[in-house]
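The model shown is predicted, which means the values in this text are computed figures rather than measured ones. Along the sequence shown, residues are numbered consecutively beginning with 1.
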Amino acid sequence: MGLAKVNSLYREVILDHSDHPHHKCHLDDVSKEIELKNPTCGDVINLEIELTDDDVIKNIGFTGEGCTISQSSASMMTDAVMGKSKDEALKMAKTFSDMVIGKQHPQVDLDELEDAAILSSIMSFPARIKCATLAWWALQRALLNQTGTGEG
């Protein structure tokens, strides 16, 4: 696939998730909840997670505002972790955070990120890394019981 086609696909996936975010809602039953802010560009993510008794993500939702990258990354993250165990989701968050700063991971780990793997090229735009990782940091902090309001 040519570079122009790859760039077009990249933009299409990001814009689709930003314009039509998945799981952008409040949940009725919340096990974990956190709000994180990116003071650099004003992104805000409010993440709510419903866990089963055996720590599987039964439902996940987010609200908030921000740039296209932060909102699309949150949408992609919610799709990727739905139905995953707490430990699997934490591993995925680590993989994502490593990926956007250029650390290598096996392709099988990147495949688990689903659409979010497309954000690997964000490392070329250092100012956008916080935007892309905000929802993933919120996921980690919520699952590790680091609740409350804070900066990502």
Side-chain angles (χ1 to χ4, degrees), residues 7-52 55-103 105 109-152:
N7 286 337
S8 177
L9 175 64
Y10 171 83
R11 282 191 304 273
E12 185 179 315
V13 170
I14 289 174
L15 289 175
D16 184 54
H17 276 279
S18 179
D19 292 343
H20 310 288
H22 305 172
H23 311 284
K24 190 165 186 175
C25 62
H26 284 288
L27 301 182
D28 292 331
D29 295 313
V30 177
S31 307
K32 309 278 185 182
E33 182 175 9
I34 193 165
E35 176 184 271
L36 284 186
K37 298 176 184 177
N38 175 0
T40 306
C41 68
D43 301 326
V44 177
I45 296 288
N46 300 292
L47 186 66
E48 298 176 349
I49 304 169
E50 179 185 359
L51 295 171
T52 64
D55 281 339
V56 171
I57 298 174
K58 180 178 180 179
N59 203 355
I60 188 166
F62 76 97
T63 57
E65 326 182 325
C67 68
T68 300
I69 297 295
S70 74
Q71 296 297 290
S72 60
S73 184
S75 175
M76 293 174 194
M77 183 269 298
T78 59
D79 281 348
V81 301
M82 184 73 77
K84 302 288 189 208
S85 71
K86 174 183 169 181
D87 290 340
E88 289 171 319
L90 287 169
K91 180 182 177 213
M92 291 169 70
K94 172 82 168 109
T95 299
F96 183 86
S97 295
D98 286 351
M99 176 193 73
V100 297
I101 60 170
K103 290 186 180 176
H105 278 271
D109 291 349
L110 298 176
D111 289 346
E112 286 201 0
L113 299 177
E114 300 178 8
D115 282 352
I118 204 164
L119 291 170
S120 65
S121 63
I122 206 76
M123 72 180 122
S124 300
F125 307 96
R128 307 311 264 160
I129 291 173
K130 279 189 175 184
C131 303
T133 55
L134 186 65
W136 294 88
W137 289 335
L139 175 69
Q140 284 179 311
R141 288 181 66 176
L143 291 175
L144 294 172
N145 294 320
Q146 299 170 342
T147 57
T149 301
E151 293 182 4

Apply the test salt bridge (charged side-chain N to carboxylate O under 4.0 Å, His left out) to residues Lys130 and Asp43: give CA-CA distance (whole Å), side-chain angles for both, the deciding distance (0.1 Å), then the verdict.
-> CA-CA 9 Å; Lys130 279 189 175 184; Asp43 301 326; over 6 Å; no

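Side chains of Val81 and Ile49 form no contact here, defined as non-hydrogen atoms less than 4.5 Å apart. Looking at heavy atoms from C-beta onward, Arg141 lies out of side-chain contact with Leu47 at the 4.5 angstrom threshold.
Residues passing the side chain to side chain donor-acceptor pair (under 3.5 Å) test with Ser75, sequence neighbours excluded: His17. Partners of Asp16 according to the side-chain contact (heavy atoms from CB on, under 4.5 Å) rule, which considers only residues two or more places apart in sequence or in another chain, are His20.
Distance check: Phe96 CZ to Leu110 CG gives 11.0 Å after rounding to the nearest 0.5 Å.
No more than 12 heavy atoms of other residues, nucleotides or ligands lie within 6.0 Å of CG in Asp28, so this atom counts as exposed by the packing criterion.
The only member of Gln71, Glu65, Glu35 that meets side chain to side chain contact (heavy atoms under 4.5 Å, CB included) when paired with Ile45 is Gln71.
Looking at every heavy atom in both residues, Met76 comes nearest to Val13 through CE-CG1, 3.9 Å. Contact detail for Leu119 and Val100: the closest heavy-atom pair is O-CG1, 3.8 Å.
Annotation: salt bridge (Lys or Arg N to Asp or Glu O under 4.0 Å) contacts involving residues 72-89, sequence neighbours excluded, are absent.
Side chains of Ser73 and Trp136: a donor-acceptor N/O pair is present below 3.5 angstrom, by distance only.
Using a 4.0 Å cut-off between charged side-chain N and carboxylate O, Asp29 and Lys58 make no salt bridge.
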